[in-house]
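Small disclaimer: the values here were computed from a predicted structure and weren't measured.
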Amino acid sequence: LPNTLATTLLLALSGLCSGIILARTLGPAHRGEFAAVILWPGMLALFGEFGLGFSLAYYSGKDQKSIDGLLTLAWTVGLVLGGVLIVGGWLVLPFVLQLSQTTMTALMWAMLSVPLLLVTGYQGYILLGAGHISRFNLIRLCGSLSYLVGIVAVATFGWSGVKNYTIIYLLSQGLSFLLATSLVILKFRPSLKWQPALIPQVFMYGIKTHASSVAAQANLRLDQLLMTR
């Protein structure tokens, strides 16, 4: 409990600080554009996640002998589905959103974070299900704190802009991905092992939880999605 509580408080504080810095350095219009750049990849990752995070946590806790197969499935789904979502976003979003050319370019780059978000999240949930809560919380903190440090650096040197902040966002997601992968490798020493028997049960469990997750997040984010249009 202390570990998770401290992590949650640090995440909230980090989000508050980064939000203030972004608002003051970008101004209302560019801050709104940057919100759209960050929002759409995150929402696409959420909708395309299929609840597999909860499912992977459940099955890694139920039988740790299946972790090799679960990690193989997580990497496969995250990279393949993430790639599909990237291409779909590149094709569809320019017709859905009316943004400046600079901001649209930043959004196209930000779409590269989708597979990183998926694979990082999946690996974190496997650690969580296996009982390694401190490692799970460390992954959660890594992205937020590295993002804040990058924003502070960009603002300090006077490089503020949608493009540069987007680069910081991508770097922070990449760092979280590397940390999650390193923690998984160090803890489990996994080997790629394709286990087809896991697929139906993992997806069935995930789909059952996905509807409630999407509904909750859609209620929080739907207004923002509409405003970005």
Side-chain angles (χ1 to χ4, degrees), residues 7 9-49 78-79 82-121 138-181 217-218 220-229:
T7 299
L9 290 174
L10 284 172
L11 287 172
L13 181 61
S14 176
L16 175 65
C17 293
S18 61
I20 292 173
I21 295 171
L22 288 171
R24 288 190 171 274
T25 57
L26 289 175
H30 292 305
R31 178 66 184 94
E33 291 179 340
F34 183 65
V37 168
I38 301 303
L39 179 65
W40 279 93
M43 289 303 294
L44 286 175
L46 172 69
F47 279 93
E49 192 259 356
L79 293 178
V84 171
L85 290 173
I86 288 175
V87 175
W90 284 346
L91 294 175
V92 174
L93 290 180
F95 297 98
V96 175
L97 304 175
Q98 295 182 358
L99 301 172
S100 67
Q101 183 60 44
T102 301
T103 303
M104 183 58 70
T105 301
L107 176 57
M108 297 298 101
W109 279 103
M111 288 298 301
L112 296 175
S113 68
V114 174
L116 297 177
L117 289 167
L118 290 175
V119 178
T120 300
L138 184 59
I139 294 170
R140 295 172 62 206
L141 269 179
C142 177
S144 183
L145 291 182
S146 61
Y147 181 53
L148 175 60
V149 170
I151 285 175
V152 170
V154 167
T156 300
F157 288 102
W159 299 336
S160 302
V162 172
K163 176 184 176 182
N164 289 337
Y165 284 137
T166 301
I167 293 173
I168 294 300
Y169 171 74
L170 280 171
L171 290 175
S172 67
Q173 297 306 321
L175 187 60
S176 295
F177 166 78
L178 292 175
L179 176 63
T181 303
Q217 290 298 319
L220 292 172
R221 304 292 186 183
L222 185 59
D223 55 341
Q224 297 180 37
L225 290 173
L226 292 175
M227 283 191 291
T228 60
R229 294 193 63 193

Distance from [X] atom [atom1] to [Y] atom [atom2], nearest 0.5 Å?
X	Y	atom1	atom2	result
Leu145	Thr7	CG	OG1	9.5 Å
Leu16	Ile20	CG	CD1	4.0 Å
Leu118	Leu85	CG	CG	6.5 Å
Leu13	Leu148	CG	CG	8.0 Å
Leu141	Ser176	CG	OG	9.5 Å
Ile38	Met43	CD1	CE	14.0 Å

State, to 0.1 Å, how close [X] and [Y] come at their nearest heavy-atom pair, and which atoms those are.
X	Y	result
Ala23	Arg31	N-CD, 3.9 Å
Val162	Ala106	CG1-CB, 3.9 Å
Ala36	Leu107	O-CD1, 4.1 Å
Ala180	Thr120	CB-CG2, 4.0 Å
Gly15	Ser18	O-OG, 3.1 Å
Met104	Pro94	CE-CA, 3.8 Å

Would a 4.5 Å heavy-atom cut-off, applied to side chains only, mark [X] and [Y] as touching?
X	Y	answer
Glu33	Thr102	no
Val152	Thr156	yes
Val154	Ile21	no
Leu171	Ser146	no
Thr25	His30	no
Trp90	Leu112	yes

Checking side chain to side chain contact (heavy atoms under 4.5 Å, CB included) for the pair Trp40/Leu97: CA distance, chi angles, key distance, verdict?
-> CA-CA 10 Å; Trp40 279 93; Leu97 304 175; 3.7 Å; yes
Aromatic rings Tyr165 and Phe34: how do their planes relate, parallel, tilted or perpendicular, breaks at 30° and 60°?
->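 Geometry flag for Phe34 against Tyr165: tilted rings.
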